[in-house]
Amino acid sequence: VVTFNTLISSSLKAGFPANRARQLFAEMTSRWGLSPNVRTYNALIAVVGAEGNAREAQRLLQQMREEGVAPDMFTFNTLIGMHGQAGDLEAAQMTLDEALSCGCSPTPATYTSLMSAYSAAGRYSDAISLFQRMKEQGTGVQGSHCRCRPDLRAYSCLVSVYKDAGMVEEAEAVVQEMREAGTPPNAVVYGSLIQAYGRLGMVEQAVTAFDRMLSEGCAPDLPLFNILMAALCKAGLSSRAASFLRRMRACGVTPDAVSYNTLIHGHFQAGLPAEAEKIFERMKKAGCEPDRITKSLLVRTFNEAGWHDKAAGVWRRVGGGGGERD
RNA sequence: UACCUCGAGUUGAC
C-alpha cells in the first residue's frame, strides 16, 4: 500500500497525467487486492484536486467514508486548498466546518491554505485574522504540544499577504518575529519581502534585505534572484540588475528564462534596447531556451527602437512557439 | 519525539 501511495503522490509531482494515478488506484484493488488507506485517498484527492476536479474529489471523500476509511486533517486540508485555488471561499470554509464537526483539529496547513485563498481574493484583513486565530489556538491550554503554532510556511504566507496588500512595515515586523520565534526566514520569505520592497520602489531596502539574508547564512535561490533583479529593474536600474547574473552563478544558481526575460524587459523600459539585445545573446550562449515571453519582449523592444528587421528576424527564427496573440 | 499524503515567493503584452 505504501508503494502505491508513493507512486500516486509522486505522479503529481512528476507531472504525469491524472489518469495514471487513477489507474494505479484502480489497479491496487482489482489486481493486487490491496485496501487503500487514508494516505492513498489523500494522495489521489490531491491529484484530482490539482486538476481542478472538485466533483471527483468530493466523490472520493464520500467513497472513503463508505469504505470505512476516516478522513483526516490532511484530507480536509487538501480539499480546502483545492477550493481555495478555485476561488470558492465558501466551499473552503464549509470544508473547514465539516472537518471541525468530524473532530479534526486544524493544523498550520489548514490556516495557511485558507489564508492563501483569502489573499488571492484580495481579502487581506480576513487572511490576517486567520493567522491571529491560529496563534490563539497555538497558545491555548495545550501549550507547546499544540500543532498549531505558526510554522515556517504559515509565517511565509503571512509575509506574502502583507506583500500583496502593500503593507511593507508589517511584513518586516513578521520577519523579525520569525527570528525571535526561532523560525528564521528562508529564501521564500525573503523573496516575498524583497518583492514587497520592489513594488514600492524601495530598492535600497531590497538590496539590504538581500545582504542580511546572506549574512544570516540563508542561501539565495533562483526565484530570489529573479525577484531581486525585477525589483531593481522596476526602479529603472536594469544595469545594476544585470550585474546579478554573475553573482547568481557565483552562488551556484543558473539563470533561467524568467531571469533573462526580467532583464530584457528592464532594459527595454530603461530605453536600452542594445543592452536588451546583449542579454538575449547571453541567454543563447548560456543555452537557455527563449520562451514566448522572450520572443514577445524582443519583438516589442526592437520595434520600438525602430529596428524592424531585427524584430522580424526574432519573429521568424526564435522558438518559444505561438506568439500569434502577441 | 515515529518513513517520500496537504499549505508559502519570481518575468511581458492583452
Side-chain angles (χ1 to χ4, degrees), chain A residues 1-10 12-13 36-47 49-50 57 71-82 84-85 92 95 99 106-117 119-120 127 130-131 134 144-145 150-164 171 174 185-196 198 220-231 233-234 241 255-266 268-269 276 291-301 320 323-326:
Chain A
V1 175
V2 171
T3 306
F4 276 96
N5 293 354
T6 306
L7 287 171
I8 291 170
S9 66
S10 57
L12 178 59
K13 290 173 189 160
N37 63 17
V38 207
R39 293 186 177 218
T40 320
Y41 279 103
N42 289 351
L44 189 61
I45 289 173
V47 169
D72 63 7
M73 205 56 232
F74 278 99
T75 318
F76 293 114
N77 286 349
T78 306
L79 293 167
I80 290 168
M82 174 190 72
Q85 273 207 314
T95 305
T107 66
T110 313
Y111 290 104
T112 306
S113 300
L114 273 172
M115 285 172 67
S116 170
S119 184
L130 277 164
F131 187 85
M134 168 170 35
S144 60
H145 287 282
D151 62 5
L152 175 63
R153 285 183 182 231
Y155 276 118
S156 179
C157 187
L158 183 62
V159 174
S160 173
V161 170
Y162 282 130
K163 172 207 70 184
D164 287 332
V174 174
N186 66 1
V188 176
V189 175
Y190 272 108
S192 290
L193 180 64
I194 290 171
Q195 202 188 354
D221 61 7
L222 177 59
L224 191 284
F225 276 110
N226 290 343
I227 290 164
L228 182 60
M229 292 192 295
C233 285
K234 203 153 290 172
D256 67 354
V258 175
S259 319
Y260 293 109
N261 292 345
T262 300
L263 294 172
I264 290 170
H265 181 241
F268 162 69
Q269 284 197 315
D291 60 14
R292 70 179 53 196
I293 295 178
T294 316
K295 188 170 177 174
S296 153
L297 281 169
L298 287 171
V299 168
R300 200 151 70 100
T301 301
E324 292 78 11
R325 277 203 297 274
D326 297 306

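Convention: sequence-line order gives letters A, B, ...; per-chain numbering from 1. Just the heavy atoms: all of them, side chains too, but no hydrogens, waters or symmetry mates, feed the values below. Keep in mind that what you see is a predicted model, and the values were worked out from it rather than measured.
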Exercise. Give a yes/no answer on whether the side chain of A/Gln195 brings an N or O atom under 4.0 Å of OP1 or OP2 in B/U10.
Key: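 Yes, A/Gln195 has a side-chain N/O under 4.0 Å of OP1/OP2 on B/U10.
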
Does [X] get its side chain close enough to the base of [N], under 3.5 Å, for a donor-acceptor pair?
X: A/Ser156; N: B/A8; answer: yes
X: A/Asp221; N: B/G9; answer: yes
X: A/Thr112; N: B/G7; answer: yes

Quiz item: So what does A/Leu79 touch, heavy atoms closer than 4.0 Å: a base, only the sugar-phosphate, or nothing?
Solution: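 Answer is nothing: A/Leu79 stays at 4.0 Å or more from every strand.
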
Practice problem: Please work out if A/Asp256 contacts a base, only the sugar-phosphate, or nothing of the nucleic acid, heavy-atom cut-off 4.0 Å. | Solution: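 Nothing, no heavy atom under 4.0 Å.
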
Taking side-chain hydrogen bond (donor to acceptor under 3.5 Å, both in side chains) as the test, write out the residues that go with [X], two or more places apart.
X: A/Asn5; answer: A/Asn37, A/Thr40
X: A/Asp164; answer: A/Arg199
X: A/Thr301; answer: none
X: A/Ser116; answer: none

Side-chain donor-acceptor pairs under 3.5 Å in residues 153-162 of chain A, sequence neighbours left out?
from     : atom 1 : to       : atom 2 : distance (Å)
A/Tyr155 : OH     : A/Glu177 : OE2    : 3.3

Quiz prompt | Range-with-range stems of RNA chain B (Watson-Crick or G-U pairs under 3.5 Å, three or more in a row) | solution =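 Stems for RNA chain B, defined as runs of 3 or more consecutive pairs: none.
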
Quiz item: Nearest-Å distance, CZ (A/Arg153) to P (B/C6)?
Solution: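 So the CZ-P distance, A/Arg153 to B/C6, works out to 9 Å.
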
